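Worksheet for the structure shown next.
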Amino acid sequence: MPDKTENQKTTLVGPRRTETVIHRAESKGEIVLSQDEINDAMKKLSMGEKMGIVYKLISRLDATDLMILDELSEGGFTEEEKAEAKEMMYRYYNDTEVGYIKEIYWEYVE
């Protein structure tokens, strides 16, 4: 079981908020979505699907949240990291868009 014990303290300042977050501090959660699973799913996506996903991400998420999402996905997701990423999606996307994201996830990952 991978061990994520790296401590990083980051102060996030953006148009929507200012906060301090401790990333992966002493988190020993079990990986529920591995980096290999993510990579395998990415290989299955067409170029158009990849571009659509990237466009949806960069058009809505601010730079800070994109960096957080990148950090969360590094090495795979623990249950807690997956929940944080899902919460982020619900903050930025409407129900139809979240449905599209879930559809892609279930088609290529699960």
Side-chain angles (χ1 to χ4, degrees):
M1 162 167 63
D3 180 2
K4 297 180 179 184
T5 57
E6 177 181 335
N7 290 312
Q8 296 177 0
K9 185 174 182 178
T10 307
T11 301
L12 306 174
V13 180
R16 297 184 182 103
R17 66 197 164 143
T18 301
E19 62 185 272
T20 300
V21 179
I22 308 260
H23 298 285
R24 300 179 191 252
E26 305 287 325
S27 171
K28 296 182 187 239
E30 181 179 338
I31 298 294
V32 296
L33 180 59
S34 73
Q35 188 67 53
D36 287 340
E37 290 171 312
I38 294 168
N39 292 343
D40 288 345
M42 292 300 291
K43 289 177 190 173
K44 295 175 189 174
L45 293 170
S46 71
M47 184 57 73
E49 289 168 322
K50 288 177 188 176
M51 293 191 58
I53 291 168
V54 168
Y55 174 75
K56 285 184 186 303
L57 289 173
I58 64 173
S59 69
R60 296 281 180 83
L61 274 67
D62 61 30
T64 301
D65 280 335
L66 282 169
M67 289 187 305
I68 290 171
L69 189 58
D70 183 54
E71 284 181 26
L72 290 173
S73 68
E74 191 173 304
F77 287 93
T78 63
E79 193 64 50
E80 295 82 14
E81 291 166 333
K82 190 174 171 183
E84 187 176 341
K86 284 170 76 172
E87 186 275 326
M88 189 182 297
M89 293 299 110
Y90 281 104
R91 246 190 350 238
Y92 285 98
Y93 300 101
N94 65 38
D95 290 341
T96 302
E97 293 164 324
V98 169
Y100 170 78
I101 293 166
K102 286 181 176 180
E103 186 179 305
I104 295 293
Y105 175 81
W106 288 112
E107 183 175 345
Y108 292 103
V109 177
E110 291 292 317

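Because the structure is predicted, anything quoted here is derived from the model rather than measured.
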Any side-chain heavy-atom pair of I53 and L45 under 4.5 Å: yes
Is it true that R60 and E97 have a side-chain N and a carboxylate O under 4.0 angstrom from each other? yes
Indicate yes or no: at least one non-hydrogen side-chain atom of M89 is less than 4.5 angstrom from one of L69. yes
Same apolar cluster: V109 and W106, side chain cutoff 4.5 Å: yes
I68 vs M88 side-chain heavy atoms within contact, under 4.5 Å: yes
Do you know which of E37, E49, E103, K44 makes side chain to side chain donor-acceptor pair (under 3.5 Å) with Y108? E49
Measuring from L61:CG to R91:CZ, what's the distance to the nearest 0.5 Å? 8.0 Å
Any side-chain heavy atom of V32 within less than 4.5 Å of one from E81? no
Might you point out which heavy atoms bring A85 and F77 nearest each other, and give the distance in Å? CB-CE2, 4.0 Å
With heavy-atom distances below 4.5 Å as the criterion, would you say the side chains of L57 and Y93 are in contact? yes
Find out whether the Lys NZ or Arg CZ of K56 is both under 6.0 angstrom from the six-membered ring centre of Y100 and within 45° of the ring's axis. yes
By side-chain contact (heavy atoms from CB on, under 4.5 Å), which residues pair with I58, not counting sequence neighbours? V54, L66
Using side-chain heavy atoms (C-beta onward) and a distance below 4.5 Å, is K50 in contact with M42? yes
Under 3.5 Å, is there a donor on one side chain and an acceptor on the other for D65 and Y92? yes
What distance do M67 atom CE and D62 atom CG have between them, rounded to the nearest 0.5 Å? 8.5 Å
Can you confirm whether Y105 sits close enough to L33 that some side-chain heavy atom of one is under 4.5 Å from a side-chain heavy atom of the other? yes
Counting heavy atoms not belonging to N94, are there more than 12 under 6.0 Å from its CG? yes
